[in-house]
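Inspection log for the structure reproduced underneath, given as structure tokens.
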Amino acid sequence: MTDFRILLIIIILTSCSPKTKTNLDLVPLIPIPNNTTSGGTSFVVKEKTKLSFDKSNKDLKVISQNFREVWNSVTSYELSLDQARSEILIEIDSSKVTDEEAYTLDIKTKNIKITGASSKAIFRGIKTLEQILRLQTLDTPLIIPTGIISDKPKFNYRGAMLDVARHFFSVDEVKKYIDLMALYKFNFLHLHLSDDQGWRIEIKSWPNLTEYGGSTEVGGKDGGFYTQSQYTEIIQYAAENYITIIPEIDIPGHTNAALASYPELNCNGKATDLYTGINVGFSSLCLERGETFKFLDDVIREISLLTPGPYFHIGGDETDSTSEQDYLVFIKSTLEIVKKYGKTGMGWADISKAQIPESTLIQYWSRTDKDSIRNENGIQEVLMGIDKRANLVMSPANLSYMDMKYNDSTKLGLTWAGIINIKKAYDWLPENLIPRNKNQILGIEAPLWTETAENFEELTFLAFPRIIGYSEIGWSQSSQRKWIDYKERLAHHGKLLKNLSIVFYESPMIDWK
Ligand code: TNX
């Protein structure tokens, strides 16, 4: 036998033993965990692995069942649940709570343990284990490096927004998006459910909103809408992934789909035509119409009843066709309705001009492509909101709008807020965007407007990989975030996405593995 063959056999024999030298710290996890201590050995994935959990806890049961599916598909082995002498243990331990999402993932050669103060925390830990598995699939048999990860989020609000109004996306597509968000530890999905081009959620007391107002989309193809039971299905699916749905009904502008569906909502009593273009700022609800607030009350009541999450988003952006005076009345009154139905109001930063209750959630979006705090209009509004004791979610258009092009020649996307390449999307700090009251920032949200995204592939092309960077901005400590290091880790996620058949932008800035 040649030396080379002997060497090969030695490598094969030693490569899969628990003694193989490993380094947990080098697994390219995103978001990067707060603390990782490498054990240097490995847990070898075997044909029969068992996972146990407290049977009386139904949330842990759901987490375990879902993880079993991941395990089985990634490893091609069967994970069995609820066995006495298990190798994987998930356990709620509220004795050392630091954050409700904080978890510890302890990987030893013979067993793996995930602990946290709540099922939410366990879920975040499970997703770290899932990423390790998905990133290690090159090794057969599969090994998991030993060590301890102790982790918690920087921000309690780590969101993404999906515009299902400009182009409609089906329940299954939204679920797929939720799966990906969960893998990267997002916890809020904001659904932009109405706009000029389409009304996407069934309102039983105003059925024409969806029957007619939901019938088309940008470009003129058939639109679509979620029935109330489909909306509930999305909410439940998101909840299993520890993601809270935030519904947005954008008022008083961005309302053409409603105005086309009901003549009585228009000042002149005439329904508008359906709209399939991409202009903004031309529609407005009519303050003088008696029906307008009945309409808003019904819509907010029906949706709030279906929505367990704390927030209701009222939009409030780009209202060029509403007088300033009317705008202030609209926002104040609509937030009162939101409050009446038990929700905390949320809105684009423009609403800060109006009378807003304390703790309203203001979404900063900025109107220009300047990325400094000198940026005039956007920041001024945010400061007004801050002074009214609003909380903030940061979605600067020039840094976090996933519908902006990656470079001048990207086929999809818009450019009004600039070009956002992978580095630009990653390399910023939310707290640097405002000059004061930084502790009012609850987190960040990455919006995906869909004027140019017609289908799921186009949607994920715009979102990925930028959204992966936003997950790290939201979760990881600023001191741990370095572009040079992130770029190396991201390089491994291309294969992970390909294994999941997710279309993404293969940026030349990344040396994809
Ligand atoms: C601005 S940002 C909008 C949306 C558009 C988006 C396109 C904001 C609150 N409104 O109506 O879809 O730009 O990038």
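Keep in mind that the numbers below use all heavy atoms, side chains included, and drop hydrogens, waters and symmetry copies. Note that this is a predicted model, so its numbers are computed, not measured.
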Worksheet item: How about Lys175 and Ser170: does a side-chain donor come under 3.5 Å of a side-chain acceptor?
Response: no

Fill in: Minimum side-chain heavy-atom gap Ile249-Ile201 below 4.5 Å
yes

Worksheet item: Who pairs with Glu130 by salt bridge (Lys or Arg N to Asp or Glu O under 4.0 Å), at least two apart in sequence or on another chain?
Response: Lys127, Arg134

Item to complete: Please state whether the rings of Phe169 and His167 are parallel, tilted or perpendicular, taking 30° and 60° as the class boundaries.
Response: perpendicular

Worksheet item: Quick one: disulfide (SG to SG under 2.5 Å) pairs with a partner in residues 197-279, sequence neighbours left out?
Response: Cys267-Cys286

Fill in: Partners passing side chain to side chain contact (heavy atoms under 4.5 Å, CB included) against Asp317 (at least two apart in sequence or in another chain)
Asp250, His254, Trp348, Asp350, Trp365

Fill in: Partner residues of Tyr231 under the ring pair (Phe, Tyr, Trp, His ring centres under 6.0 Å) criterion, sequence neighbours left out
none

Practice prompt. Report the C-alpha distance between Trp199 and Asp195 in whole Å, list the side-chain angles of each, state the deciding distance to 0.1 Å, and finish with yes or no for side chain to side chain contact (heavy atoms under 4.5 Å, CB included).
Written response: CA-CA 6 Å; Trp199 187 283; Asp195 213 303; over 6 Å; no

Worksheet entry | Spacing of Leu448 atom CG and Ser400 atom OG [to the nearest 0.5 Å] | 11.0 Å

Fill in: Lys332 and Glu336 ion-paired at < 4.0 Å
yes

Worksheet item: Phe464 vs Tyr177 aromatic rings, parallel, tilted or perpendicular, using cut-offs 30° and 60°?
Response: perpendicular

Worksheet item: Listed by chain and number, what are the ring pair (Phe, Tyr, Trp, His ring centres under 6.0 Å) partners of Tyr341, not counting sequence neighbours?
Response: none

Item to complete: Using the test ring pair (Phe, Tyr, Trp, His ring centres under 6.0 Å), find all partners of Tyr242 that sit at least two apart in sequence or belong to another chain.
Response: Phe123

Worksheet item: Of all residues at least two apart in sequence or in a different chain, which pass the salt bridge (Lys or Arg N to Asp or Glu O under 4.0 Å) check with Asp196?
Response: none

Discussion item. Working note: Lys120 + Glu101, criterion salt bridge (Lys or Arg N to Asp or Glu O under 4.0 Å); need CA distance, chi angles, decisive distance, verdict.
Written reply: CA-CA 6 Å; Lys120 196 189 274 184; Glu101 288 180 288; 5.6 Å; no

Discussion item. Among Asp179, Thr232, Asp172, exactly one meets side chain to side chain donor-acceptor pair (under 3.5 Å) together with Tyr237. Which residue is that?
Written reply: Asp179

Worksheet, complete the sentence: Heavy atoms of Pro430 and Ile441 approach each other most closely as O-CD1, 3.9 Å

Item to complete: Just grab all the ring-ring contact (aromatic ring centres under 6.0 Å, His included) pairs involving residues 494-513, residues at least two apart or on different chains.
Response: Tyr406-Tyr505, Phe461-Tyr505, Phe504-Trp512

Discussion item. Whether the side chain of Glu202 engages the backbone of Gln228 through a donor-acceptor N/O pair (distance < 3.5 Å, no angle test) should be reported.
Written reply: yes

Worksheet item: If every non-hydrogen atom of Ser476 is compared with every non-hydrogen atom of Pro31, which pair is closest and at what distance?
Response: OG-CB, 3.3 Å

Discussion item. With rounding to the nearest 0.5 angstrom, report the NE2 to CG distance, His493 to Leu29.
Written reply: 6.5 Å

Worksheet item: Are any of the side-chain nitrogens in Lys498 or Glu506 under 4.0 Å away from the carboxylate oxygens of its partner?
Response: yes

Worksheet item: Hey, does the side chain of Thr452 reach the backbone of Gly413 with a donor-acceptor pair shorter than 3.5 angstrom?
Response: yes

Worksheet item: Between the side chains of Ser283 and Tyr275, does any donor sit under 3.5 Å from an acceptor?
Response: no

Worksheet item: What do the steps show when you test Glu454 against Lys221 for salt bridge (Lys or Arg N to Asp or Glu O under 4.0 Å), and what is the final call?
Response: CA-CA 10 Å; Glu454 283 185 37; Lys221 289 195 185 145; 3.3 Å; yes

Practice prompt. Measure from the side-chain N and O atoms of Lys154 to the backbone N and O of Gly443, and report whether any donor-acceptor pair falls under 3.5 Å.
Written response: no

Discussion item. Is it the case that the side chains of Ser321 and Ser284 hold a donor-acceptor pair, with the cut-off being a distance below 3.5 Å and no angle test?
Written reply: no

Fill in: Side-chain touch Phe312/Ile300, heavy atoms, less than 4.5 angstrom
yes

Discussion item. Quick check: do Ile434 and Ile386 have side-chain heavy atoms less than 4.5 Å from each other?
Written reply: yes

Fill in: Residue pairs involving residues 455-470 (criterion side-chain hydrogen bond (donor to acceptor under 3.5 Å, both in side chains); sequence neighbours excluded)
none

Item to complete: Not counting sequence neighbours, list each pair that qualifies as a side-chain hydrogen bond (donor to acceptor under 3.5 Å, both in side chains) and has a residue in residues 257-273.
Response: Asn256-Thr272

Practice prompt. Answer yes or no: is there an ion pair linking Lys61 with Asp59, defined by an N-O contact shorter than 4.0 Å?
Written response: no

Worksheet item: Does the side chain of Tyr103 come within less than 4.5 Å of Leu129's, by heavy atoms?
Response: no

Fill in: Point-to-point distance, once rounded to the nearest 0.5 Å, from CG of Asn72 to CZ of Phe67
9.5 Å

Discussion item. Does anything in residues 396-426 form a disulfide (SG to SG under 2.5 Å)? List the pairs, not counting sequence neighbours.
Written reply: none

Fill in: Parallel, tilted or perpendicular, as decided by the 30° and 60° cut-offs, for the rings of Trp206 and Phe295
perpendicular

Fill in: Under 3.5 Å donor-acceptor, Asn187 side chain and Asn156 backbone
yes

Fill in: Side chain proximity check, Phe330 to Thr319, heavy atoms < 4.5 angstrom
no

Worksheet item: Among side-chain atoms of Gln197 and Thr216, is any donor-acceptor pair under 3.5 angstrom?
Response: no

Response to the item:
Between Leu335 and Gly345, the two heavy atoms sitting closest are CD2-CA, 3.7 Å

Discussion item. Applying salt bridge (Lys or Arg N to Asp or Glu O under 4.0 Å) to Asp298 and Arg301, what does each step give before you reach the verdict?
Written reply: CA-CA 5 Å; Asp298 286 338; Arg301 174 177 45 79; 2.7 Å; yes

Worksheet item: Does the side chain of Gln363 come under 3.5 Å of the side chain of Ser395 through a donor N or O and an acceptor N or O?
Response: yes

Worksheet item: Strictly by modelled atom types, are Tyr426 and Glu472 linked by a side-chain donor-acceptor pair under 3.5 Å?
Response: yes

Item to complete: Evaluate the side-chain proximity of Glu217 to Arg200: yes if any heavy-atom separation is below 4.5 Å, no if none is.
Response: yes

Worksheet entry | Any Pro247 side-chain heavy atom under 4.5 Å of Ile303 side chain | yes

Discussion item. Could you go through Asp427 and Arg481, starting from their C-alpha distance and side-chain angles, then the distance that decides it, and tell me whether this counts as salt bridge (Lys or Arg N to Asp or Glu O under 4.0 Å)?
Written reply: CA-CA 8 Å; Asp427 220 359; Arg481 296 212 290 111; 5.4 Å; no

Discussion item. So Pro447 and Asp403, do their side chains get closer than 4.5 Å, heavy atoms only?
Written reply: no

Worksheet item: For Tyr77, which residues count as a ring pair (Phe, Tyr, Trp, His ring centres under 6.0 Å) partner, sequence neighbours excluded?
Response: none

Practice prompt. Please report the C-alpha distance between Trp416 and Met404 in whole Å, then the side-chain angles of each, then the deciding distance to 0.1 Å, and finally whether the side chain to side chain contact (heavy atoms under 4.5 Å, CB included) criterion is met.
Written response: CA-CA 8 Å; Trp416 70 265; Met404 294 301 123; 3.2 Å; yes

Worksheet entry | Face-on cation placement of Lys353 at Tyr327 ring, 6.0 Å and 45° thresholds | yes

Worksheet item: How far does OG of Ser73 sit from CG of Leu79, to the nearest 0.5 angstrom?
Response: 11.5 Å

